[in-house]
Amino acid sequence: MEPDYLSVLNDQQKEAVVHEGSSLLILAGAGSGKTRVITTKIAYLISQKNINPFSILAVTFTKKAAAEMKERAQLLEERSRYCQIRTFHSWGAYFLRKYPVFAGVSPDFTVYDDDDMVTLLMKAVPSLKKKDASHYVKKISLAKDYCLLPDSEDLFTVDSDSRFPEIYKAYEDRLKQTGNVDFGDLILLPYLVMKDNPKIRHEIHQRYKVIMVDEYQDSNVAQFNLLKMLSGAEEDNPAYVCVVGDDDQSIYKFRGAEVRNILNFQKDFKGTDLIRLETNYRSTQEILDCADSIVRNNHERIGKTLVSHRGKGVQPALVFLPGQDDETEFCSELISQSVEKGGSYSDWAILYRTNAQSLGFETEFLHRKIPYEVVGSLKFYEREEIKDALSWISFIANPRDEIAFRRIINKPVRGIGPGTQDKILAAAAGNNILLAMDQMSLTKKARAGADSFKSVFDELSALIPQPEESLESNASLAQSALSVFDDEKEALEEEKKESEVSAADDGTIEAARLSVFVEAVIKKTGLEDFHAAQDEIGGTQKVLNLHELVNSAVLYECNRKGLLDFLDHISLDRTLETQEELSGQKEDRVTLITIHNTKGLEFPKVIITGMENEIFPRMPDNTEELEEERRLFYVGITRAKNELYFTSCSVRRLYGRTNAMSPSVFLKELDGEKIRVLGTKPQAFISNDGAGDPVAKKYCVGAQVYHDDWGYGQIVRAAYSDTEGDEEDNREWVVSVSFDTGGIKKFIPKYQASSLIVCSDE
DNA sequence: CCCGTCGTTATTTTT
DNA sequence: TAACGACGGG
């Protein structure tokens, strides 16, 4: 007898759900119902296979995905609430709070973001300017993504700069002094702790019997290592590992994501089974055909073909426009007309490669009164006032936090400038900064400031009850006397408490909420007044933001654990929900969004704009990058449910210059028969007819060529060189050839007429 | 301490 | 072009 949730699945989905035994790779195409498969699998394992939910771990990359997965799994099977369904990073934080001593971090650590890392590095290596510091911070993050330590042999692959290892080392030493971690540590440290501690490794293996990873194509080397370690892949009786992903949607290489993780999964985890989910429930077949015509040009892929469950649909349209102003106008017009016909603004999404491209649309939409929302630009957590408040909270949690200390000590002014700060930090030498400050000698002015700071600190600290078990639990942590299923105990206790509370009736005895504390923080520290003054001057909304932060803290208990949960939640999810999302009221607006940000989203009508070389793809001649850009294009296309448009301009203002643009190389990969072309096709797109130049006529885009050294290929780009000297006479006809073997090479046919031969049309 | 001006720089960014 | 950060004068 099959449960209902199984009967609604297609054959492949069902196969994936009931699969067992070896590890499993689910190759899930866009819109193929992968979340449904994972959640159903969780429910199935619990209810049909009697798997203890506490032994199931499912990791995602975004908080949003984790929340959705958790919710949907619980709808199918109530006991799913006991599974760990969380992001990679939040699992790392969870692990480090369990074993802080082994990782060499404070049990009350907070997570430093990129800005904090830069500030810290500048203190660790004072000779670095801000610009250099940010450069190295990027490299340090990347090194951690690749699981490389300051003394790793392969560190040069990240940055061959001979100073890099020592800079990285200096940063690490300073970070250790604070007891805090950065994002990379949340993955790297758990891996290292398990690697070096067989006992902990064993405990973990006792605990997790099923591990699932979503969006596996976005995992980096460190995450791969962690997964392998976590699953006990190399040991007896490994956990059942099931990863879900789409190699065609791997678009985060620049952040350390490794497509090879998914390409090689079957090799890395011996005996893996592969299941493809190729039925697409989102887009029409026309859109999927379009997507396939693009992505099939990639070499580095496992390969799959999506089939629409929704039928043919309308053909996508390719629109050539003279300039970017025409592009914004065209989009506005298209949207307005559809709304006049009864459609809604929220059906539409404008996609672009770079954030800067949103500007033109914003101006035009403002002008035309088209409501819009720019996704992913302003970040709540990055705002000055929010970081100030969070720094206070972090510092109360962990008084070794140098960065937080520096941020708040002199704001508002307390007569403790950078010089005094350095002195205090030196005296603290990685210990409690507040104690050091209290005991050392300071100038009169600084002493008065320090004392008033400390009294505020003490007053606020008093609002957070210290759990009595903290000493005891620290001791037990040091011995790693953690029972494998202590979460199970905790969860059950929690449940008991909750039921008692709800039994105690509504509102009479309400447990103190952390918002009370956060409110005290912004009031007692002077932050609210400080930023109220700023608002006065700059017409900003900083106080409002602070209040929003207070509101968001209402979900947490007013104790040490609640405080740390709150900080974790904030730092591990930079996209605080707006009031709009919280109230569930979605406004009717057009979405403006980068293609990267659209992953996982869908829209009835999509316009992919700026389809020009140098914009998208950014480097048409760089073969490796091209595959990634192509995947990005594929992601964009597969967001569309019903209608899809591409726009391409001949002229675009770029960095203050007006540039002649050529149509994106990707447009030529689209099947011409299957697409409506509107507007004036630029010469370059049709024939590259170079004004009577015989060379140009012969070597045009699309032509098959043979080269003595490189073999067969196709001309993907042909234009007069637009380099240096504007003298027309000096311009050469340059062609880019994509060879069947994979590489793209540039030629000047005039000089290579004998080695680059155009194959005659059949 | 704030504000203006000059110079620099210009992908993508789940956590 | 435009936006942001660094720096110096009031």
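Chain letters run A, B, ... following the sequence lines, proteins first, then strands; residues in each count from 1.
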Are [X] and [N] close enough that a side-chain N or O sits under 4.0 Å from OP1 or OP2?
X: Asn220(A); N: dT15(B); value: no
X: Asn597(A); N: dT12(B); value: no
X: Lys131(A); N: dT9(B); value: yes
X: Thr594(A); N: dT11(B); value: no

Review point. Considering heavy-atom distances to DNA chain B, does Asn410(A) or Leu186(A) have its closest nucleotide positioned more toward the 5' end?
Key: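 Result: Asn410(A).
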Calculate the interatomic distance between [X] atom [atom1] and [N] atom [atom2]; express it in whole Å.
X: Met122(A); N: dA6(C); atom1: CE; atom2: P; answer: 8 Å
X: Gln249(A); N: dT12(B); atom1: CD; atom2: P; answer: 20 Å
X: Ile615(A); N: dT11(B); atom1: CD1; atom2: P; answer: 10 Å
X: Phe61(A); N: dT12(B); atom1: CZ; atom2: P; answer: 21 Å
X: Leu142(A); N: dT15(B); atom1: CG; atom2: P; answer: 18 Å
X: Ile593(A); N: dT11(B); atom1: CD1; atom2: P; answer: 18 Å
X: Glu628(A); N: dT13(B); atom1: CD; atom2: C1'; answer: 12 Å
X: Arg86(A); N: dT15(B); atom1: CZ; atom2: C1'; answer: 13 Å

Check your understanding: Looking only at atom C1', what distance separates dT14(B) and dA3(C), rounded to whole Å?
Key ->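 After rounding to an integer number of Å, I get 26 Å for this pair.
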**Study point:** Pairwise C1' distance, dT12(B) and dG5(C) [rounded to whole Å]
**Key:**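 Roughly 22 Å separates the two C1' atoms.
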Listed nucleotide nearest any side-chain atom of [X], set [options]:
X: Arg618(A); options: dA3(C), dT11(B), dT15(B); answer: dT11(B)
X: Asn355(A); options: dT12(B), dT14(B), dA10(B); answer: dT12(B)
X: Leu359(A); options: dA2(C), dT13(B), dT9(B); answer: dA2(C)
X: Val413(A); options: dT14(B), dC1(B), dA2(C); answer: dC1(B)
X: Lys130(A); options: dT14(B), dA6(C), dT9(B); answer: dA6(C)
X: Tyr655(A); options: dA10(B), dT14(B), dT15(B); answer: dA10(B)

Check your understanding: Counting any heavy atom closer than 4.0 Å, what does Phe88(A) reach on the DNA or RNA strands: base, sugar-phosphate only, or nothing?
Key ->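 No contact.
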Exercise for review: Measure the shortest side-chain to side-chain distance between Pro190(A) and Trp91(A) over non-hydrogen atoms and say whether it is less than 4.5 angstrom.
Suggested key: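 Pro190(A) reaches Trp91(A) side chain to side chain.
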**Study point:** Heavy-atom check, side chain of Phe88(A) versus side chain of Phe61(A), under 4.5 Å
**Key:**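 They are in side-chain contact.
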Point to revise | Aromatic stack Phe254(A)/dT12(B): centroid gap under 5.5 Å, interplanar angle under 30° | key: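 Yes, Phe254(A) stacks on the base of dT12(B), since the ring centres sit under 5.5 Å apart and the planes are within 30°.
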Practice item. Flag the pair Phe265(A) / Tyr216(A) as yes when their ring centroid distance falls below 6.0 Å, and as no otherwise. Key: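 For Phe265(A) and Tyr216(A), the ring centres are under 6.0 Å apart.
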Review point. What about Arg255(A), does its side chain sit under 3.5 Å from the base of dT15(B) through a donor-acceptor pair?
Key: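 Per atom types, the contact qualifies.
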Check your understanding: According to the interplanar angle, ranging from 0 to 90°, do the rings of Tyr252(A) and His596(A) count as parallel (below 30°), tilted (30 to 60°) or perpendicular (above 60°)?
Key ->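 Tilted, since the angle between the ring planes falls between 30° and 60°.
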Exercise for review: Spell out, as yes or no, whether a donor-acceptor pair under 3.5 Å connects the side chain of Asp185(A) to the backbone of Leu188(A).
Suggested key: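 The answer is no, because no donor-acceptor pair under 3.5 Å joins these two groups.
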Practice item. Considering only NZ, NE, NH1 and NH2 on the basic side and carboxylate oxygens on the acidic side, decide whether Asp113(A) and Lys387(A) come within less than 4.0 Å. Key: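 Yes, charged N to carboxylate O under 4.0 Å.
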